[in-house]
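A short worksheet on the structure shown next.
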Amino acid sequence: MTREGRLASAFVELAEALVGGEQVGDFLHRLSCHAIELLEVDAAGVMLADEKGRLRAVAASNEDTHHLEVFALQH
């Protein structure tokens with residue numbers, strides 16, 4: 001499958017997950033997994049800013065990446 005085909009497939013899968021009522025954490029994990037495939041990287045994570053502008057690690061493609069994000073935020 002072409003890169004464009006993989007990208008389209010990922011968007012369809014993510015849209016179906018949203019419509020299907022998937023939990024936000026599960027959705028963001030799925031998004032990070034698609035990011036590593038589509039961007040050809042080893043890992044990916046999602047950080048969001050809270051209402052005070054502080055970053056929070058909310059999802060990652062794997063547990064090690066999540067721990068690295070949390071460590072980075074603490075230091």
ask   = So with a 6.0 Å cut-off around CZ of Arg54, is the heavy-atom count from everything else above 12?
value = yes
ask   = Is the number of heavy atoms from other residues, nucleotides or ligands under 6.0 Å of Asp42 CG greater than 12?
value = no
ask   = Measuring from Glu63:CD to Leu68:CG, what's the distance to the nearest 0.5 Å?
value = 12.5 Å
query = Is there a donor-acceptor pair closer than 3.5 Å between any side-chain N or O of Arg56 and the backbone N or O of Met47?
reply = no
message = Are Glu13 and His34 packed together at the side-chain level, in the sense that at least one heavy-atom pair is separated by less than 4.5 angstrom?
response = yes
remark   = So OG of Ser9 and CD of Glu37: to nearest 0.5 Å the spacing works out to 8.0 Å
task = Would you confirm whether Ser61, through its side chain, and Ala44, through its main-chain N or O, come within 3.5 Å as a donor-acceptor pair?
result = yes
inquiry  = To the nearest 0.5 Å, what is the distance between CD on Glu16 and CD on Glu22?
reply    = 11.0 Å
ask   = Given the rule in the ring-ring contact (aromatic ring centres under 6.0 Å, His included) test, do Phe71 and His67 qualify, once you have shown the distances and angles that lead to the verdict?
value = CA-CA 6 Å; Phe71 180 76; His67 291 304; over 10 Å; no
ask   = Does Leu73 belong to the same Ile/Leu/Val/Met/Phe/Trp/Tyr cluster as Val46, with side-chain heavy atoms less than 4.5 Å apart forming each link?
value = no
task = Identify the two heavy atoms, one from Ala59 and one from Gly25, that lie closest to each other, and give their separation to 0.1 Å.
result = CB-O, 4.4 Å
query = Any side-chain heavy-atom pair from Leu14 and Leu31 closer than 4.5 angstrom?
reply = yes
ask   = Distance-only, no hydrogens or angles: does the His29 side chain make a donor-acceptor pair with backbone N or O of Ala60 under 3.5 Å?
value = yes
message = Give me the atom names and distance for the closest heavy-atom approach of Asn62 to Ala43.
response = ND2-CB, 4.3 Å
note = Between the OG1 atom in Thr2 and the CG atom in Leu7, the distance rounded to the nearest 0.5 Å is 9.0 Å
message = Could you report the tightest heavy-atom contact between Val70 and Ala57, atom names first, then the distance?
response = CG2-CB, 4.1 Å
request  = Please check if Leu28 and Val19 belong to a single hydrophobic cluster, counting links between Ile, Leu, Val, Met, Phe, Trp and Tyr side chain heavy atoms closer than 4.5 Å.
outcome  = no
